[in-house]
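Each remark here refers to the structure printed beneath this line.
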Amino acid sequence: SAMAWRPMLAGIGSSRPPRPSSARTDGVHFSAAPIPVSCITRGADLTDEKVWVLCPVDCARRQVTIFGTSVYASVSSVCGAALHGGVISRSGQPIRVQKLPGQENYIGSFANGIKSQSLARWISSFTVSTDAPSEPMEVSSQGKSTSHSPGHRGPTPCFHVSSTDCKVDIAFLLDGSYNIGRRRFNLQKNFISKLCVMLGIGPEGPHVGVVQASEIPKTEFYLKNFSQPKDVIFAVKEMAYRGGNTNTGKALRHTAETFFTPEMGSRRGLPRVAVIFVDGWPSDDIEDAATMARESGINVFLVSVAKPTPEELGIVQDRTFIQKAVCKDNDFFSFNMPSWFSINKYLKPLSQRLCNEDQMLCSKTCYNSVNIGFLIDGSSSVGDNNFRLVLDFIANIAKAFEISDIGSRMGAIQFTYEQKTEFDFNTHSTKDTTLAAIYGIRYLSGGTATGEAITYAAGTLFKPHKGGSRRNFLIIITDGQSYDDVKAPAVAAQNEGITIYSVGVAWAPQDDLRNMASEPKDSHTFFTREFTGMHQFEQTIIKGICKDFMESH
């Protein structure tokens, strides 16, 4: 009987933390965001029939007590039950706990690395799921939540982005102006809290910070400040409404200048994303700030809420502010929500977009902000068949980059004793036409004057493109001894801001290869005995270009 269990159960959870409740101790209801609980919080410790809670990060390694399978006795750990039931694959995720009547029998089992015990009878039960609350809740100073969709009671499935697949640094620019008002400002904070949970914030996953846009921008917290969802939720909750004009441009400039720095927690090599929320329209100019942000490597998203009515359009300073702000005007980087009510359905698509690294192509990255010149040895020692392998090699490198009018550009020069520009950086603005041009290069045959070819490339291929937002790279492929000096021309080219990779095949002297390559020599010099061996260098060179690009920024 259940009575036989009471001596053993009496001590369960005796060291538990204070009982969590949907009503915060400061009187502010926060049921729209999950309530942080401990690993040993039991179903019996939760007062509401349905509650949305956030499990901490270490429950899989803790000793948790669970009774039952699928339906758990209320003396069980709620986070342990979620792990046992496979509702969460790892700790640190939000779950929904549903209270149920007591059961006559709870069957123990071993599942997902967690063992649950059997129990003959208990007075109450619960189940766990990942269904999020279906209603958007407004934060009220009276400690009561207000639902804005009273007719809808069905649960909305909760979408979670795996933190291992979502490695981004995000700045949320929240609208804190008079235009949004205090009431909608609180709804905005609730939305951001749920969005942060669904993104799967964690040390190895997304990091977030918040800037409040109003009369004067204010950084509420940086990327480095919090690495757990519960901490972010509390920090967002504590944000005070500032008021003032909707100076979105000023806030974006402030973010571009101060937010994404290593000192403030920005991580090398990860996409930087600024998500701007505008309730209505900006009071200031956003175009120059957006251009600066993009040039700084920031992907700009704009989430507009409650678009201007036809009557209001006359007072909007710039009706095309969305198109001017976003990275690309392709409908991916702009997002509209008609109001702050009934917004759960927008969490999934927005979360997916923010974690879609393949689409992060508008910011300045190594893939879309480089000029790569190929200096191709066309001497008679190469031979026609091997020359085809060289073209395969450079085509495979070119394929890795985003080639467009505003992206990366490729150029190619073939050299013997003479030099021939096959195509320059302005010839092709798409990947398809660039690859077709590479495979269309005709083998020349002749002598080898590599030094003169380097000088020619620096003066003709790169000279018009010195400076600007793109970084210049030259990849030299040769199979033999040059008839002229290579060191002085290579040093001169490097002094002009050109990073050189040297790839030698067959009889290419190691000294020449190292003399041509940029520092550090070991990571910019490559050699193989056979032309078929060049393939092994492709990914290393691509990654090397990205490393050089990041270090230059």
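Along the sequence shown, residues carry numbers from 1.
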Are [X] and [Y] packed together at the side-chain level, in the sense that at least one heavy-atom pair is separated by less than 4.5 angstrom?
{"X": "I180", "Y": "F277", "result": "no"}
{"X": "L354", "Y": "V168", "result": "no"}
{"X": "C39", "Y": "P56", "result": "yes"}
{"X": "N247", "Y": "E215", "result": "yes"}
{"X": "M198", "Y": "L350", "result": "no"}
{"X": "C366", "Y": "K547", "result": "no"}
{"X": "Q188", "Y": "D279", "result": "no"}
{"X": "I397", "Y": "Y501", "result": "no"}

Would you say the side-chain atoms of [X] pair up with the backbone N or O of [Y], donor to acceptor, closer than 3.5 Å?
{"X": "S408", "Y": "Y367", "answer": "yes"}
{"X": "K167", "Y": "E204", "answer": "yes"}
{"X": "S283", "Y": "T246", "answer": "yes"}
{"X": "D284", "Y": "K250", "answer": "yes"}
{"X": "K189", "Y": "M239", "answer": "yes"}
{"X": "Q98", "Y": "S129", "answer": "no"}
{"X": "D169", "Y": "R267", "answer": "yes"}
{"X": "T69", "Y": "I107", "answer": "yes"}

Pairing residues for [X] by the side-chain hydrogen bond (donor to acceptor under 3.5 Å, both in side chains) criterion, not counting sequence neighbours:
{"X": "S124", "answer": "S74"}
{"X": "K218", "answer": "none"}
{"X": "S266", "answer": "R272"}

Candidates V53, T127, T41, D48 - the one meeting side-chain contact (heavy atoms from CB on, under 4.5 Å) with V97: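 The option that passes is V53.
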Heavy-atom closest contact ([X] atom, [Y] atom, distance):
{"X": "V208", "Y": "C196", "result": "CG2-SG, 4.0 Å"}
{"X": "V64", "Y": "G80", "result": "CG2-CA, 3.9 Å"}
{"X": "S334", "Y": "I322", "result": "CB-CG2, 3.7 Å"}
{"X": "S125", "Y": "Q103", "result": "OG-CG, 3.3 Å"}
{"X": "R242", "Y": "S214", "result": "NE-OG, 3.4 Å"}

Could you walk me through whether T258 and M264 pass the side chain to side chain contact (heavy atoms under 4.5 Å, CB included) check? CA-CA 8 Å; T258 66; M264 296 300 108; over 6 Å; no
Residues in ring-ring contact (aromatic ring centres under 6.0 Å, His included) with Y106, at least two apart?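 For Y106, no residue satisfies ring-ring contact (aromatic ring centres under 6.0 Å, His included) once neighbours in sequence are set aside.
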Only counting residues at least two apart or in another chain, list the ones meeting ring-ring contact (aromatic ring centres under 6.0 Å, His included) with F172.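 Testing F172 for ring-ring contact (aromatic ring centres under 6.0 Å, His included), a comparison that skips the adjacent residues, returns none.
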From CA spacing to verdict: side chain to side chain contact (heavy atoms under 4.5 Å, CB included), R184, S339: CA-CA 9 Å; R184 295 201 303 274; S339 75; over 6 Å; no
Could you go through L199 and S351, starting from their C-alpha distance and side-chain angles, then the distance that decides it, and tell me whether this counts as side chain to side chain contact (heavy atoms under 4.5 Å, CB included)? CA-CA 6 Å; L199 286 169; S351 299; 4.2 Å; yes
Once you round to the nearest 0.5 Å, how far does [atom1] of [X] lie from [atom2] of [Y]?
{"X": "F260", "Y": "I298", "atom1": "CZ", "atom2": "CD1", "value": "5.0 Å"}
{"X": "T255", "Y": "L173", "atom1": "OG1", "atom2": "CG", "value": "4.0 Å"}
{"X": "L252", "Y": "M292", "atom1": "CG", "atom2": "CE", "value": "8.5 Å"}
{"X": "S177", "Y": "Q212", "atom1": "OG", "atom2": "CD", "value": "9.0 Å"}
{"X": "L54", "Y": "I95", "atom1": "CG", "atom2": "CD1", "value": "9.0 Å"}
{"X": "F321", "Y": "S304", "atom1": "CZ", "atom2": "OG", "value": "6.0 Å"}

Would you call the rings of Y346 and F335 parallel, tilted or perpendicular, where under 30° means parallel and over 60° means perpendicular?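 The rings of Y346 and F335 stand perpendicular, inter-plane angle above 60°.
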So Y241 and F185, would you call those rings parallel, tilted or perpendicular, with 30° and 60° as cut-offs?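 Tilted, since the angle between the ring planes falls between 30° and 60°.
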Inspect the surroundings of NZ in K543 and state if more than 12 heavy atoms from other residues, nucleotides or ligands are less than 6.0 Å away.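 No - once you tally the heavy atoms of other residues, nucleotides and ligands closer than 6.0 Å, there are 12 at most.
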Heavy-atom neighbours of I216 CD1 exceed 12 at 6.0 Å: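 Count not over threshold, so no.
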In terms of SG positions, are C59 and C79 separated by less than 2.5 Å?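 C59 does not pair with C79 as a disulfide (SG atoms not under 2.5 Å apart), so no.
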Under the ring pair (Phe, Tyr, Trp, His ring centres under 6.0 Å) definition, can you give me all pairs with a residue in residues 189-233, not counting sequence neighbours?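 Only F221-F226, Y222-F259 qualify under ring pair (Phe, Tyr, Trp, His ring centres under 6.0 Å).
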Can you confirm whether the side chains of H254 and T219 place a donor and an acceptor under 3.5 Å from each other?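 The answer is yes; a qualifying pair exists.
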Would F332 and V326 satisfy side chain to side chain contact (heavy atoms under 4.5 Å, CB included), going step by step from the backbone distance to the final call? CA-CA 9 Å; F332 180 85; V326 295; over 6 Å; no
